[in-house]
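Here's the structure, in structure tokens; my notes come after.
By convention in this document, chain letters (A, B, ...) are assigned in the order of the sequence lines, proteins followed by strands, and residues within each chain are numbered from 1. Just so you know, these numbers come straight off a predicted model, no measurement behind them.
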Number of protein chains: 2
Amino acid sequence: MPEQAETLRRTPLSRDRILRAAVALADGAGIESLSMRNLAQELGVVPMALYKHVANKDELLDGMIDVVVGEIDPPEPDVDWKNAVRRRILSARQVLRRHPWAPLAIESRNMATPAILAYLNSMVGTFRAGGFSADLAHHVMHAMGSRILGFSQELFDASRRAGRSGATDPEPPAPLPPEIAARFPHLAEIAMAASHDDASVVGQGCDDQFEFEFALDLLLDGIERLRQQGWTSSHRPR
Amino acid sequence: MPEQAETLRRTPLSRDRILRAAVALADGAGIESLSMRNLAQELGVVPMALYKHVANKDELLDGMIDVVVGEIDPPEPDVDWKNAVRRRILSARQVLRRHPWAPLAIESRNMATPAILAYLNSMVGTFRAGGFSADLAHHVMHAMGSRILGFSQELFDASRRAGRSGATDPEPPAPLPPEIAARFPHLAEIAMAASHDDASVVGQGCDDQFEFEFALDLLLDGIERLRQQGWTSSHRPR
DNA sequence: ACCTGAACACCGTTCAAGT
DNA sequence: ACCTGAACACCGTTCAAGT
């Protein structure tokens with residue numbers, strides 16, 4: 001049936017189609033399933049065909065990162081710096097939640113991609129427009145670190161688990177085993193202490209969104225204080 | 001020469017000797033050079049011999065992480081919570097600088113190792129002894145995130161580059177190319193603004209230690225303020 | 001000129017054969 | 001019983017042969 005074969009080969013291969021398929025594969029099956037060979041098969045193509053559009057796997061990853069970063073909302077106009085930064089970072093966080101493989105991928109690549117540079121540049125612009133000196137803006141960007149891209153920076157992030165089931169896996173938070181609780185009593189205590197008065201969380205397990213915003217506001221409030229004080233790196237008023 | 005062969009086989013293989021050799025290999029040649037086969041060769045042993053002491057490569061990585069975390073200084077007694085936390089985290093940071101592969105390795109493993117749990121437990125203990133409620137201590141631990149282990153959490157960390165030359169590579173900070181500076185003027189501006197009055201830094205490039213302590217103190221100062229206010233998650237005084 | 005199958009140099013790990 | 005060589009099922013990428 002030659003017509004069916006025609007249909008299978010679909011649209012011709014392009015860099016864009018490769019990147020989108022790679023992102024979809026990493027989203028759905030986990031980043032560890034993303035091999036040049038698997039990706040080619042997904043596209044109904046021989047592995048070597050990919051190399052016409054991406055130089056190698058590292059460049060593929062860079063392209064995937066740019067696709068993800070491109071999903072972050074553009075800055076809103078006419079908003080004070082603090083809300084502008086806050087909303088943009090929370091948008092970045094929503095994007096990363098759709099692509100749980102992205103944080104590790106971004107951290108393991110050590111060159112900034114064009115889309116990331118554009119995002120960072122625009123974020124610095126928001127600080128500068130908000131009255132920050134270039135000096136303070138510099139240190140503030142460092143202080144935000146990868147949180148500026150929505151990374152929750154947890155030591156152990158359940159959402160990062162590269163399970164094959166992707167979004168279909170609710171993964172109930174495992175209550176920590178009794179022998180662990182006995183050996184590490186302080187950890188057991190704070191595990192129980194989380195939002196016990198919040199009906200939406202049953203006590204075990206954390207509200208990721210709450211924790212992210214808690215840390216974000218802690219930083220933004222401290223940053224606002226420095227700005228008001230006219231902080232400089234050579235002379236720190238206290 | 002049978003005696004020389006005897007010498008070559010040295011001390012008998014043990015889990016500890018494997019872990020130390022693995023850490024040394026990752027430190028010296030980069031984490032990408034750490035394969036079961038390479039490690040075995042380094043130890044003058046057939047690859048399969050390793051599997052008598054570690055179940056698989058993931059368990060090897062967990063063991064390496066525990067070796068690294070074990071190098072962090074124990075908590076000092078008779079110090080106020082803020083200085084206790086600060087010094088311990090700066091110690092962790094020094095450790096990570098000796099093992100640049102460790103941050104990514106820790107983040108890619110998603111189970112806490114015993115050594116990490118002990119470290120975190122002890123850190124929570126310091127907060128609790130300093131007068132923090134279990135509730136606030138919980139959120140504070142989340143807010144510190146992986147910074148609590150000394151991660152600098154930069155988006156692009158030159159020190160993380162897994163170069164083969166290890167510590168022998170000073171790697172002068174590349175001044176950002178003019179066409180990048182033109183496309184991202186805000187980034188160019190803050191790149192120049194860094195510690196221009198500090199003689200030890202030539203203008204280009206950042207003082208990692210300064211940036212780390214800047215962010216750390218920003219967090220610790222904000223945390224101290226919450227503690228003084230008697231912050232709780234159900235009722236936030238402002 | 002373009003495309004692509006086979007090949008190369010690696011992986012982690014299984015397994016059966018050897019001692 | 002222990003140890004280990006060969007084998008298996010993968011990688012990313014090169015390269016030469018085919019169209």
* So what does B:Asn38 hit on the nucleic acid, given a heavy-atom distance under 4.0 Å: a base, only sugar-phosphate, or nothing? -> sugar-phosphate
* Taking DNA chain C as the partner, which of residues 48-57 of chain A come within under 4.0 angstrom of it by heavy atom? -> A:Met48, A:Lys52
* At what distance, to the nearest 0.5 angstrom, does CE of A:Met141 lie from SG of B:Cys206? -> 11.0 Å
* To do: Could you let me know what C:dG18 is paired to, Watson-Crick or G-U wobble, both distances under 3.5 Å, or none if it's on its own?
  => D:dC2
* With a 3.5 angstrom cut-off on both distances, give the Watson-Crick or G-U wobble partner of C:dA9, or none if there isn't one. => none
* Minimum heavy-atom separation for B:Arg147 to B:Ala215, with atom names? -> NH1-CB, 3.3 Å
* **Electrostatic pair A:Arg93:A:Glu213 at N-O distance under 4.0 angstrom** => no
* Roughly how far apart are A:Gln153 CD and A:Phe212 CZ, rounded to 0.5 Å? -> 7.5 Å
* Should we count CZ of B:Arg183 as having more than 12 external heavy atoms under 6.0 Å? -> no
* Can you tell me how far CD1 of A:Ile116 sits from CZ of A:Arg109, rounded to the nearest 0.5 angstrom? -> 10.5 Å
* Describe, in one word, how the ring planes of A:Phe210 and A:Phe214 are oriented to each other, choosing from parallel (under 30°), tilted (30 to 60°) and perpendicular (over 60°). => parallel
* Structure fact -> Outer limits of DNA chain D sitting under 4.0 Å from a non-hydrogen atom of chain B, read 5' to 3', are D:dC3 to D:dA7
* Structure fact -> Between A:Met123 and A:Ile148, the two heavy atoms sitting closest are CG-CD1, 3.7 Å
